[in-house]
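First the structure, in the form of structure tokens, and then the observations on it.
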Amino acid sequence: MLILTSYFPIESPTLIFFVVLLIILLAPIIMGKLRIPHIIGMVLAGMVVGEHGFNILTRDSSFELFGKVGLLYIMFLAGLEMDLESVKKNSRRFLVFGILTCMIPLVLTYFMSMWLLGYSHTASFLLGCIMASNTLIAYPIISRYGLQRNSSVMLSVGSSMLSLFMALMMLAALSASYGEQTGVGFWLLFLLKFAVFCAATAWAIPRMARYFLRRYSDAVMQFIFVLAVMFLSAALSEAIGVEGIVGAFMAGLILNRYIPHVSSLMNRIEFTGNAIFIPYFLIGVGMLINIGSLFEGPRMWGVVLLIAFFGTFGKALAAYVSSLLFRLPKSAGHMMFGLTCAHAAGASAMVMVGMRLEVSPGVYLVNDEILNGVVIMILITCIISSMMAERAAQQIVIANSQQPTANSQPNDEKILLCVKYPEIAPQLLELSIMMRNEKLNRGLVALNVVYDDNKAAVHRTEGLRLLERLQQRASAADIQMQTQVRLASNIANGIKHAFREFGCSEIIMGMHVHTDVNPKFWGEFIQSLYNGLNRQIVLTRFVQPLNTLRRIQVAVPSRAEFEPGFHRWLQRLARMASNLDCRIQFHGRNESLELIREYINNRYPNVRGEYTYMAHWNELPRLAENIQEDHMFVVVTARKGTISYKNALERLPKELQQHFSGKNLMILFPDQYGTQKEESMTFTTAQHQEENSIYDAILRWINNRKK
């Protein structure tokens with residue numbers, strides 16, 4: 001044993017890093033078997049290997065560096081994963097809970113320290129400030145359960161920052177009272193510096209993020225840029241006299257909208273923090289704890305238990321009172337208590353500040369008794385926090401899974417993307433991004449339907465691989481995407497079933513080009529699809545990338561304005577033209593063009609629209625002369641039996657193949673009322689002619705009334 005101890009503490013950087021990695025690897029395994037949160041295992045392992053344990057490792061500069069980075073990472077991730085819209089809606093709750101979780105522990109600890117421990121007013125106030133703050137040490141548990149946007153979690157994160165800021169301000173006042181810089185001038189200067197810091201970061205970071213992330217797509221460069229912004233913000237906050245974790249949290253809040261939560265960049269940020277930096281921080285916290293100080297006498301036991309009890313009781317009281325005020329379930333109160341009761345680096349930093357404050361020559365505000373009591377209190381509160389957060393997370397997950405979901409109406413805008421071929425799937429995704437409403441921030445659904453035959457397993461694997469790549473592209477554009485590979489004996493039925501299951505509003509898919517002309521131009525399953533589905537379907541064929549288009553030319557059939565889906569397809573094309581910043585030219589009857597012009601001018605005044613009279617649908621081939629390679633030709637067609645259908649549409653497949661081959665092409669089937677069935681879609685030519693004559697008579701009557 002003596003031979004082994006002669007090699008300790010380890011000084012080789014290689015072996016130090018190996019021991020740390022071994023702890024990071026084994027702690028979750030051992031703690032998982034004991035059903036204890038693995039965070040506790042990290043802290044306990046730090047106690048064992050630290051200088052107060054077996055002295056295997058010394059808390060050298062590497063632990064100082066990586067530990068500081070880990071703490072900044074925790075706060076940065078907390079800000080990065082917050083739902084800012086919910087924060088705005090619940091700002092009063094944040095304020096109330098933040099004040100309660102700060103002031104209740106502070107008051108309880110202050111009076112306990114004076115009355116029961118006999119400490120001075122300043123030492124009691126310092127202990128109150130320490131217990132008023134907290135560290136989100138259990139936040140990695142929340143990330144593992146995917147509850148980052150739970151209301152109780154966001155309340156805890158926001159209130160933690162508020163209580164920490166208030167505690168730091170009070171600590172700064174206490175520290176200033178021992179120095180020469182006191183008075184109103186000191187505080188006015190401090191508030192001015194803090195206001196300038198907040199304004200500067202809020203103005204500069206978004207502009208830097210937009211500039212860099214748009215111009216550089218390299219994964220490593222983006223990751224380094226995000227880390228640089230985090231450390232810059234933390235360093236600036238330290239420069240004005242505030243802890244760096246405040247700056248890291250603010251950087252996370254500001255970058256929140258520029259880093260999608262499902263993006264590859266977010267995955268790299270979380271992975272690096274959870275794998276290296278945060279465990280380093282937890283192990284470093286454990287190395288500070290001297291469990292041997294408990295054996296110095298009963299007085300030490302009393303100090304530790306009183307500090308831990310009153311501080312933790314104050315946090316619990318604030319959490320459960322707030323949950324009652326906000327009418328939250330009991331599990332939310334457990335979560336709020338679990339996240340806000342832990343004390344780690346913030347407490348140790350504050351007690352170190354107290355050790356530098358000299359009450360009288362040679363006598364400092366914090367003595368060894370207070371130091372040891374605070375350090376052991378850190379261990380106790382970390383254990384309580386981890387166990388409560390784990391329990392609350394399990395309760396919330398179980399409650400969410402058992403809660404019945406109401407049958408909500410289909411989303412007004414939810415695009416279904418049918419993909420099969422890897423070469424056109426990215427362009428279909430880009431088209432859907434161009435057509436979607438960014439303000440609604442609705443997600444996309446990507447579907448790959450596979451024939452249920454003897455090659456289904458191989459095709460399913462290919463489909464999963466394609467959808468995975470497509471989801472990565474969607475994540476890079478800050479767009480959430482649901483994916484599904486579906487086995488079906490009939491492709492059209494598989495698409496229709498998925499369409500209804502996901503509650504989609506429209507379909508975007510590639511055009512399958514066949515060598516034969518009508519009726520196989522559409523493909524059998526596409527013909528079955530648009531006959532059996534009454535919602536908008538967009539078929540596309542790309543010859544060149546979307547971002548190179550200069551003009552969109554749209555052929556509009558007569559009476560298209562009377563179709564239920566008129567405004568939907570018009571809105572999608574207007575968004576597309578606006579996002580591409582290209583001209584859009586409509587060809588149709590004057591009655592339709594007037595309504596289109598009015599809609600574009602009122603809703604999309606930035607769109608450069610042109611309107612050309614087309615007397616009859618037979619003039620469609622003539623438009624081919626003006627369609628260039630960098631144009632997109634859009635045909636708004638109609639299903640049989642609808643008000644804008646005409647016999648000339650029967651010739652559309654043949655005309656498209658003869659006159660528009662090699663062109664960028666889009667075919668739109670607008671929304672219709674009612675539920676259509678394939679067997680009900682058989683109409684004779686005489687029926688169409690009769691319907692058209694009736695509609696013409698109605699239109700003539702409407703026009704006469706207008707005159």
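- Other residues, nucleotides and ligands contribute at most 12 non-hydrogen atoms within 6.0 Å of the CD atom of Glu468.
- Looking at Ile283 and Phe66, their side chains never come closer than 4.5 Å, going by heavy atoms from C-beta outward.
- Residue His343 holds its NE2 atom at 8.5 Å from CD1 of Ile130, rounded to the nearest 0.5 Å.
- Phe111 pairs by the ring-ring contact (aromatic ring centres under 6.0 Å, His included) definition with Trp115, not counting sequence neighbours.
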Requested in this report: Go through the steps for Asn134 and Thr340 under the test side-chain hydrogen bond (donor to acceptor under 3.5 Å, both in side chains), then give the verdict.
Outcome: CA-CA 6 Å; Asn134 63 274; Thr340 58; 5.5 Å; no
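- Between Ile384 and Cys341, the closest heavy-atom pair is CG2-SG, 4.0 Å.
- Although no hydrogens or angles enter the test, the distance criterion places a donor-acceptor pair under 3.5 Å between the side chain of Lys315 and the main chain of Ala132.
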Report task. Under the side-chain contact (heavy atoms from CB on, under 4.5 Å) rule, what do Phe63 and Leu57 come out as? Steps first, then yes or no, please. Result -> CA-CA 10 Å; Phe63 286 96; Leu57 298 177; 3.9 Å; yes
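- Phe54 is listed as a side-chain neighbour of Val48, based on a closest heavy-atom distance under 4.5 Å.
- Using a cutoff of 4.0 Å between basic side-chain nitrogens and carboxylate oxygens, Glu51 and Arg59 are not scored as salt-bridged.
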**Report entry** Test side-chain contact (heavy atoms from CB on, under 4.5 Å) applied to Glu11 and Thr58, step by step
**Finding:** CA-CA 8 Å; Glu11 297 181 356; Thr58 304; over 6 Å; no
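- With Thr312 contributing its side chain and Phe309 its backbone, the two residues share no donor-acceptor pair below 3.5 Å.
- Atom CG of Leu339 sits about 13.0 Å away from atom NE2 of His334, to the nearest 0.5 Å.
- Proximity of Leu227 to Tyr73: side-chain heavy atoms (C-beta onward) are separated by under 4.5 Å at one or more points.
- Residue Met166 holds its CE atom at 12.0 Å from OG of Ser133, rounded to the nearest 0.5 Å.
- Heavy-atom minimum distance, Pro206 versus Thr201: CD-O, 3.6 Å.
- Rounding to the nearest 0.5 Å places CD1 of Ile269 at 9.5 Å from CD of Gln222.
- Going from atom CE of Met377 over to atom SG of Cys382 covers 9.0 Å, rounded to the nearest 0.5 Å.
- The side-chain hydrogen bond (donor to acceptor under 3.5 Å, both in side chains) test applied to Asn274 returns no partner, not counting sequence neighbours.
- Between Thr109 and Ser124, the closest side-chain pair of non-hydrogen atoms is not below 4.5 Å.
- Between Phe97 and Leu162 there is no side-chain heavy-atom pair separated by less than 4.5 Å.
- At a threshold of 4.5 Å between non-hydrogen side-chain atoms, the residues Phe197 and Ser233 count as touching.
- In this structure a side-chain-to-backbone donor-acceptor pair under 3.5 Å is missing from Thr101 to Gly98.
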Report task. Go through the steps to decide whether Met336 and Ser322 satisfy the test side-chain contact (heavy atoms from CB on, under 4.5 Å), and finish with yes or no. Result -> CA-CA 9 Å; Met336 294 161 69; Ser322 298; 3.8 Å; yes
Query raised in the report: side-chain hydrogen bond (donor to acceptor under 3.5 Å, both in side chains) between Glu64 and Tyr280: does it pass, once the steps are laid out?
Result: CA-CA 9 Å; Glu64 293 287 343; Tyr280 243 108; over 6 Å; no
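- By the 4.5 Å heavy-atom criterion applied to side chains, Leu317 and Leu100 are not counted as neighbours.
- Take Phe231 and apply the ring-ring contact (aromatic ring centres under 6.0 Å, His included) test, not counting sequence neighbours, and it matches no residue.
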Report task. Check the pair Tyr145 / Asn150 against side-chain contact (heavy atoms from CB on, under 4.5 Å), numbers first and verdict last. Result -> CA-CA 11 Å; Tyr145 282 93; Asn150 182 269; over 6 Å; no
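- The two residues Ala45 and Ile23 come nearest to each other via the heavy atoms CB-CG2, 3.4 Å.
- Between Met131 and Pro105, the shortest heavy-atom contact is O-CB, 3.5 Å.
- Two residues are said to be in side-chain contact when any heavy atoms from C-beta on lie closer than 4.5 Å; Val157 and Met154 fail this criterion.
- For the atom pair Phe313 CZ and Ile104 CD1, the distance stands at 9.0 Å (nearest 0.5 Å).
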